[in-house]
Structures are given as structure tokens and as C-alpha cells.
Amino acid sequence: MTQAEAKKRHAQLVEKINEHNRAYYVEARPTISDREYDALYRELCDLEKNFPELVTPDSPSQRVGGEPLKAFKPVRHLLPMLSLDNTYSQDEVRDFVKRVQKLLPDEKLDWSVEPKVDGVAVSLRFENGKLTIGATRGDGVTGDDVTANLKTIRSVPLKLSLVAASQVLEVRGEVFMSKAGFEKLNAEQRAAGEEIYANARNTAAGSLKQLDPRIVAKRPLDIVVYNLGKVEGANAHPKTHTEVLSWLKSLGFRTPEKIWHCHSADELIDAINELDKVRKNFPYETDGAVIKLNSFAQRERAGFTAKAPRWAIAYKYAAEQAETKLNGITIQVGRTGALTPVAELEPVFLAGSTIARATLHNEDEIKRKDIRIGDTVVIEKAGEVIPAVISVVESKRPRDARPFDFEKFLHGKCPVCGGKIARDPKYVVWRCENLQCPAQATRRLEFFTARGALAIESVGGIVADKLVERNLVREPLDLFELKLEQLATLNLGNEESPRTYGEKNATKAIAAIERAKTFPLARWIFALAIPDVGKTTAQDLAKFHETIEDVAKSELLRDILDYHEKIAELPGLKRENPERYEKLKNEISEIAKRLIDSHFAAPSKSKAEKESGIVTKVGPVVAKSVLDFFNGKNGQKILKRMRELKIHPASEKISATKVAALPFAGKTFVLTGTLPNMTREEAATKIESLGGKVSGSVSGNTDYVLAGAEAGSKLDKAQKLGVKIIDEAEFLKMCAG
Ligand code: IVH
């Protein structure tokens, strides 16, 4: 390739990748597969390796983060970044409207209301269309230069398309960590035995302040923009806020989720209330509504105070926090024996419901926050669902409150079975080590019978409790030997006031148990509750193995482990022992080739692992966990028992070409509402058996929403995103091909 050809191809690739980044990260509507994207990206990196002079600051390859910085440089904003006055009551909103009307007598006022994103304010400076500086707000006049960190955010365009380029353009917005991203990050932390992060906003702020952009690149940060700073030489001249937002959108930015237009205080209050109802469905945390005058001419006439504009105000929703007394701590036993401390609280009303319990996560969390029984604590609805104890009001601490000692509190024993407990060295949790512990047995049974697993829901909850309590079920597979009359006569009450399960319920339950035997392999793998194996992983495993025995002694999983062990040995070896290095390299390539041939892995795009790098469907942690599970006593027992019970989950292992030929291959479905003739479970199983995937939430990746009666917010979202909505009849037609 000549220099000129390389240059041309490089420019094409940059443009293409930027286009796909935008489709994926801003519009959530990817137009090519991850594989195709990876191929483009790899081509770009290869080209840049051969022609290093082609690497420009706006190349997508520069998003992964360069060398760590020693400190952030100060940046002076071209126009100051103002903040907003806050209000906390609707009366204050009315006062605000009156104030502005007084400043602009006789003028018709047009207001906008949009979410106040709970993140970190930043300013992005583009010069001649290229992102040159990204900075935090700082004191409003000078901020920190965090350009390298901001570049790692895929929804930050590195280059604005030329048509819309201006000499200088400052774009302002809020960097956030999405609720889902935050949850995922914490799940990873938990799995790695690391401390969990307190909330999404602080984690986003902390991430932006990282001096090493490579760490930032791994954090799920995103941005919403809502404002302009300095604009010089632009080819667009928006006159209203609405026009600014649509201009920014056309330039490739993500703008607020929803915006309302209002013409009176009453309408503003309606909009604020409406936003409050829908904001929990937004991907990011919000803590208020921002009210702004729409017209720039009017804004100019209304003017500014020293700190904030007179034409805008932030309405803050009541903080979803409350103070209450911690009456006690109880310990819950999970299905893996994990002991989770739970706060028993003086009941308190918080964001729409009465809260009497909250999670305390684990021993380290209690220590870190120094939570003591008798303390007054601040609780919050974390992620707007599970309440958590945030902090302690130390000034209100009773004099006799003693630090909480987890092990002492439990006298070193499981609170349910009295079995030995131990702190898992890999994680921050304590566990009950008794596999026969009834609490564990119940949790495992609940998990096994849950809707997403083997869907024997009539045996969950209290029925599970009683089956274990009465010694009818010690482990989930015992279900398959239950007799109808044992279930029918099961007492769900107590000795004094018995309440039997009944023949009708029992018959239904037995039918569900029988049906479970025919469920596909993926469901079974999931239902066995193997550590680190979630639903998607279970599906991946099922695609590459024919039977449960195949999974148990999987060559593929052994290869994955082997591969990672060998890769880990490589660093430094080239110098120390070139012979062994070469040998290992060859072995690694062999394994990689085998895995790629089986479609269990794809070539990696990462530079470090270039030569034999692969991306596998499951990683070494899962591989080890699965093999350990089936090699252990318990796993062996399960396999034997399944053979005896003649449970042979149907194989879904099909060749890649066959998968591609299935009618729903590569298609993602979301189910909502009640279908007339089939349960959602049945529909889900059908979809999976025809090569499709079922997801819990609607996004740009969703292909179909299968909606029944009383479909809720998922349907709204599907309509908004333009996802195809089908009913049962249409679905059955598609199934029939
Ligand atoms: S407009 C001069 N719009 O809230 C007007 N700010 O309390 C500048 N924020 O510093 C701000 N979402 O960090 C605006 N939709 C939104 C916002 C928003 C969040 C933040 C921003 C600002 C702070 C003011």
C-alpha cells in the first residue's frame, strides 16, 4: 500500500467508525454487528501501526487512553460555566415565573423543562470541528483539563462533521455513569472481592478525576449535552434552546431524554410532576428538573446575577433519603450460603413506600460506615429500588452503642442451621459452610423454580420454605421425586391453624415439575446456580455443548483456562527464556485456533494480545467455576441424580451455519403484557429454541417487542425507539416461518 492509499483508507475508516460509534452509543441503533465493527477497528489499528504518521488526535484508536498524567492542567473556559439557583417547592417555581415576568412585562414566555442529570458538568471545546479541550467546571472560570479522559467516552464526538464545523464551539453537558453501567461495575467489584461504589454520580466524578485514562476507558461513562458556551464562526445560529438541542443532536451529541414546552406556571408544575414520574425509567440518575426560558432574546433581556442566570432555575425533587433508627441487624442466608446483613429499621416513609429493612451489603460496608445497632442512620433508595443505609448520624449515637462485630454477633455460627461460617477469601462475604443448611436449600429451590430458570413457580415462596422445613426437599432435584399426595397435604400454616396446599395446586405443581424435565439445556445450566453463571452465560454454554455431561467435562472450557494460564506466563519470558516463550506462543496459537474453529472465540482487537489474542464467549473465571462445580462432590451428585431421574436436557448445540439458518437467529425479543394463549415462559422458550434471544428491557438492540394485554412502559419505549411491535398471532406466524 502506498502512503497515499493508506491515507485515503485511513480517512475512510475514521469516518466509518465514527459513524458507527454514533449509531451505537448516541442513537442506540447499531447498523452493523460487533464483529464487523471490530474488523473495521482492527484494520484501523493495523494501518496506524504500519503508518504511524496517520495517527491523529481524532482517530478512534485514541479513545483507549494513553499514558497516565502527573496532574491535570488548568483550563480557562472561553465563557464562564454558570450554575443554577435551586428551588425545592412548587410555590417557589410560581415565584420564579412571576419574577421573570416582571423583568419582561407583557411578553409571552415560552419555557422548557428538562431533566437535571445527576452527573459532573463538563465543557467540550471544538476548534475547526475537532475536539481540542475537554474540561471540568472547576470554579466556573477555570476547570481541569480532562481531555484524555473525556475522549474515552464513545458518545463524545472527536470530530464534528465539516458542514457544521465552526471555528470555535464550546458544548456543555453532564458526564454520568448510567444506572445499568454502575450496577454492572459494582457487580464486577463484588465478584472481584473489591469494595463497591456508593453511588453513580460520585463514581462518575471519581472516574473523570483519574490521572490514568486507561482506567477511565474501562468505566461506563456517558454524556448528555444541553448547552453552548462560546460559539464563533458557526454556520448555524440557533435562536432558542430547542434549536440548540436539535443542532447539537444533528452534530452527533446525545441530548436530554425528554423536554417539555410550557407557557405558564401551572404547565411548568405539570411538567415537573410528569418528569418525576418518568425519570426512574431514564438510563441516568436525575435529581431535578431544569426550567429555562426558550428564547435567547428573552434570556438576554432577563440577564444574570453574579452567579446564575435569571432566566433559569433548578427544581430539586425531594431527596430520596430519610433518617431513622437502626433497631437491629439480622443476617440472611443466600443460596450460596452468603450471609448478608440486613438493617431492621424503625419504619419510615420514603419515596412512596414504608421502609422497615435495608441492605447493609457486607461486613466491610458496616465497618467502613461504622454502623452500630441503636444508631440513627440515613437511608436511601439506591437505584430507586433497594433501600440501603448510606451513613450514620454520629451526633445522635447512643452512648452505649458498640462497634458491630460480624463474627461475634453470630457466635461464629450460621444463624439458621448453626453450621460453621467462614469468610470467603475471594470475596468480602461470610458464608455458611453447611451445604445442607435449610436456608440455603430454600434459596436454591427458589432459584431453581424461578420464572427465568425452570418456571415451577407454584413451588416458590412459602411452599419452598415448607418443603424444606418438612424435609421433603433437601435439594432442588428432590422435587422430581415428590408425590402428589405429599404436596397436596403439605401444611403451609402451622400446627394450630393448618392450611394445606390442596390437590388442585399440587396437580398443577406436579405438571410444572414434569414439564421442567423437557426444558432446554440453557435453562438447566442456569437453574443449577453455578457461581458466576448467569442467564446469558448459560445460553452461551448451551450453544457449545450438547448435554450437561458435555459441559461438565468440556474441552472448550479447559482450553479457555489453559489459554489464560499460558498468556499470564508470557510477560518477560521473551528475554528470560526465549525457547520456552516460543513454545508457549505456539501452544497458545494452537488453543486459539481450536477455539476460533469451534466458534467459541473470535480474534481479539486488543493490541497486547495481537498475535494469538482471542475473545471468548466465556472467560476464565466462568470456565473455572463451571469445571470446579461439576468436578466437586455436589456437582457429581447432581449429574448422577439427573441420570437416574432420566433428565437429559435437550441439546441446543448446533453448528454455526445452522444457528444462522434459524428463523430468529441474531434477533432479540422483549416480552411485555399478558398473551392470550401462551405464557411468557412458553413464548421465551419458543424464541430461544428458534435461535433468538429474550431480553428484559427495550433498547436500540431490540428487534421485536411481543406485546400482550396491559403492556406497560416497555411498549411505550418500543414505540419511542421505533422497535417493531408484534402480537401473539403475528409471533406464531413468524415461528411457523
Ligand atoms: S443548564 C447556565 N441543564 O446542574 C445554565 N444544567 O445546578 C447552566 N445540570 O452546573 C446549566 N442537568 O452541571 C443545565 N439539563 C441541564 C442540566 C444541568 C444537569 C447541572 C449542571 C449545572 C448544575 C446547576
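Source: prediction; values computed, not measured. Numbering of ligands and ligand atoms starts at 1, following listing order.
The shortest contact between atom 5 (C) of ligand 1 and any protein heavy atom is with Leu84 CD2, 3.6 Å. The single protein non-hydrogen atom nearest to atom 2 (C) of ligand 1 is Pro309 CG, 3.7 Å, given as residue, atom name and distance. In terms of protein heavy atoms, atom 21 (C) of ligand 1 is closest to Tyr226 OH, 3.1 Å. For atom 23 (C) of ligand 1, the closest non-hydrogen atom on the protein side is Lys116 NZ, 3.8 Å. Among all protein heavy atoms, the one lying closest to atom 10 (O) of ligand 1 is Leu82 O, 4.0 Å. Closest protein heavy atom to atom 15 (N) of ligand 1: Glu114 OE2, 2.8 Å. The protein heavy-atom contact nearest to atom 12 (N) of ligand 1 is Val117 N, 3.0 Å. What sits closest to atom 8 (C) of ligand 1 on the protein, heavy atoms only, is Asn227 ND2, 3.7 Å.
Under a 3.5 Å cut-off, the side chain of Asn362 and the backbone N or O of Val428 do not form any donor-acceptor pair. Although no hydrogens or angles enter the test, the distance criterion places a donor-acceptor pair under 3.5 Å between the side chain of Lys369 and the main chain of Val389.
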Quick one, Asp266 with Arg94, criterion salt bridge (charged side-chain N to carboxylate O under 4.0 Å, His left out). Give me CA distance, side-chain angles, the key distance, then yes/no. CA-CA 8 Å; Asp266 280 342; Arg94 292 183 189 282; 2.9 Å; yes
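Salt bridge annotation for Lys714-Asp716: absent, with no cationic side-chain nitrogen under 4.0 angstrom from a carboxylate oxygen. Ion pairing between Lys258 and Glu274 fails under the 4.0 Å rule for side-chain N and carboxylate O.
Taking all heavy atoms of Lys292, Glu257, Arg299, Glu174 into account, the minimum distance to atom 13 (O) of ligand 1 is reached by Glu174.
Of the heavy atoms in Ala312, none comes closer than 4.0 Å to ligand 1.
Donor-acceptor pairing under 3.5 Å is recorded for the side chains of His241 and Glu114.
Relative ring orientation between Tyr315 and Tyr317 is described as perpendicular, the plane-to-plane angle rising above 60° on a 0-90° scale split at 30° and 60°.
Checked against the 6.0 Å centroid threshold, Phe253 and Phe126 count as a close aromatic pair. Aromatic ring centres of Trp111 and Phe96 lie closer together than 6.0 Å.
The N/O atoms of Pro115, backbone and side chain alike, include one that comes under 3.5 Å of an N/O atom in ligand 1. Considering backbone and side-chain N/O atoms, Pro256 never comes within less than 3.5 Å of an N/O atom of ligand 1.
Close approach to Val290 involves these atoms of ligand 1, each under 4.0 Å from a residue heavy atom: 3 (N), 15 (N), 16 (C), 17 (C).
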